[in-house]
Amino acid sequence: MSLKDDLKDIRDQGLDDINKSTDLKSLNNIRVHLLGKKGPITSALRGIKELPVEKRPEVGSYANEIRDDLTKAIVEQRDNLANAQLNKRLAAEKIDVSLPGRSVPQGQPHVIQQIIDEVVDLFLGMGYQVLTGPEVETDHYNFEMMNLPKDHPARDMQDTFYITNEILMRTQTSPMQARTLEKHDFSKGPLKMISPGIVYRRDTDDPTHSHQFHQVEGLVIDKHITMADLKGTLLTMAHQIFGDKFNVRLRPSYFPFTEPSVEVDITCFNCMGKGCDVCKHTGWIEVLGAGMVHPNVLNMAGVDSKQYGGFAFGLGPDRFAMLKYGVDDIRDFYLDDVRFLNQFSKRGI
Ligand code: DAH
């Protein structure tokens, strides 16, 4: 056999191997074997020097031709295999975009939080600060600074959980009045704040009482604040939270930290003032307590009650929610049953 025949065999065998290769790794092995330094072409070329001089160029160029053929075939096969591999992966990773999406359940603020947010938004818009205070409170702030000394009979209505004789779970957000009054610098302007938060009472649980509920305290102190300012503020809130058709009514009442004190009623949502079972035929529903801040509260906190005065109020978002949605058991709000909670729209009341 001539060297040319050897080369031809190498090519035929090589092309066969290349075309039969099924993956890039074995194709690369074939390439290294065929075209490498120890491969058949290189060793065949070594035999050229045995040939007569005039034959050498022809065989040499034939060997180059074969190397080019094989290289070309390898490149082609490499493309084929790479494409096949890609197509296989694409098929495996195919996404059916026509499938309906998996919906992610969307949460929403608790109905009571919705009401608190709405109250906070309103008062922020009227330039009030929003402050929060400790739920574990001292007797000093919770009672004494709110004009409820140790032996005061009104303490009975607000029995709570004691941690020590002097430290307790706060029964009201009113202590935030004293805490804020102590800190406020009146040379910088009037004090206007609301303070939302959780309060505690040692109430036996029944449909209208829970041992834990919410309040939003409000306090405005400046020179020349009158009860008309209080009523205007409460009317604005009633309009915002319940709607423009609602009116407010102030009734004389008693709180140790306000003088005079009032209970605030709004138009009955059920009969819009005509009188029905819900409002016990009065046309009104009691929604919060308020009054003009007692001079003792101001003086104890270091504010001169001869110069400064104002109003305070305390509202219960739980009660607002019960009224607005006709929920007759406050405990429903605390059971965290999503079937119950999902009934309340995101936009609040
Ligand atoms: N702290 C009172 C309570 O829990 C509610 C209250 C009434 C707050 C009158 C006030 C107010 O600021 O002026 O029963």
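Note that ligands are numbered from 1 as they come in the structure, with each ligand's atoms numbered from 1 the same way. No experiment lies behind these values; they were computed from the predicted model shown.
- The protein atom (non-hydrogen) at minimum distance from atom 1 (N) of ligand 1 is Gln172 OE1, 2.7 Å.
- Within the 4.0 Å heavy-atom criterion, the part of Ala290 lying near ligand 1 is the backbone and not the side chain.
- Aromatic ring centres of Phe242 and Phe269 lie farther apart than the 6.0 Å criterion allows.
- Those atoms of ligand 1 that come under 4.0 Å of a heavy atom in Thr258, given as number and element, are 13 (O).
- Surrounding CZ of Arg201 are more than 12 heavy atoms belonging to other residues, nucleotides or ligands, all under 6.0 Å away.
- Between Lys8 and Asp12 there is a salt bridge, since a side-chain N of the basic residue sits under 4.0 Å from a carboxylate O of the acidic one.
- Neither the backbone nor the side chain of Glu259 has a heavy atom within less than 4.0 Å of ligand 1.
- Here is the list of ligand 1 atoms found below 4.0 Å of a heavy atom in Phe257: 1 (N), 2 (C), 6 (C), 7 (C), 8 (C), 9 (C), 10 (C), 11 (C).
- Taking every heavy atom of Phe255 and a limit of under 4.0 angstrom, the matching atoms of ligand 1 come to 7 (C), 9 (C).
- Less than 4.0 angstrom separates some heavy atom of Ser174 from each of these atoms of ligand 1: 1 (N), 8 (C).
- Each of the atoms 8 (C), 10 (C), 12 (O) of ligand 1 lies under 4.0 Å from some heavy atom of Glu217.
- Contact analysis leaves Met146 out of contact with ligand 1, as no non-hydrogen atom separation drops below 4.0 angstrom.
- Within the structure, the closest approach of Gln215 to ligand 1 falls below 4.0 Å when heavy atoms are considered.
- A salt bridge is defined here as a Lys NZ or Arg NE, NH1 or NH2 lying under 4.0 Å from an Asp or Glu carboxylate O, and Lys188 with Asp185 meets this definition.
- Listed by atom number, the atoms of ligand 1 under 4.0 Å from Gly289 heavy atoms are 7 (C), 9 (C), 11 (C).
- Salt-bridge formation is detected for the pair Asp265/Arg251: a Lys NZ or Arg NE/NH1/NH2 atom is positioned less than 4.0 Å from an Asp or Glu carboxylate oxygen.
- A salt bridge between Asp222 and Lys192 is absent, with no side-chain N of the basic residue lying under 4.0 Å from a carboxylate O of the acidic one.
- A salt bridge does not link Lys306 with Asp304: every distance from a Lys NZ or Arg NE/NH1/NH2 to an Asp or Glu carboxylate oxygen is 4.0 Å or more.
- Taking only nitrogen or oxygen atoms, main chain and side chain alike, Ala312 reaches within less than 3.5 Å of ligand 1.
- Not a single heavy atom of Phe311 lies less than 4.0 angstrom from ligand 1.
- Ion pair Asp329/Arg331 flagged as a salt bridge, since at least one NZ, NE, NH1 or NH2 atom sits closer than 4.0 Å to an Asp/Glu carboxylate oxygen.
- At least one heavy atom of Arg201 sits closer than 4.0 Å to an atom of ligand 1.
- Taking every heavy atom of Gly291 and a limit of under 4.0 angstrom, the matching atoms of ligand 1 come to 13 (O).
- At a threshold of 4.0 Å, the pair Glu93-Lys88 does not count as salt-bridged, since none of the basic side-chain nitrogens sits closer than that to a carboxylate oxygen.
- Those atoms of ligand 1 with a heavy atom of Gln177 less than 4.0 angstrom away are 12 (O).
- Just one residue in the list Gln215, Gln212, His214 forms a side-chain contact (heavy atoms from CB on, under 4.5 Å) with Asp318, and that residue is His214.
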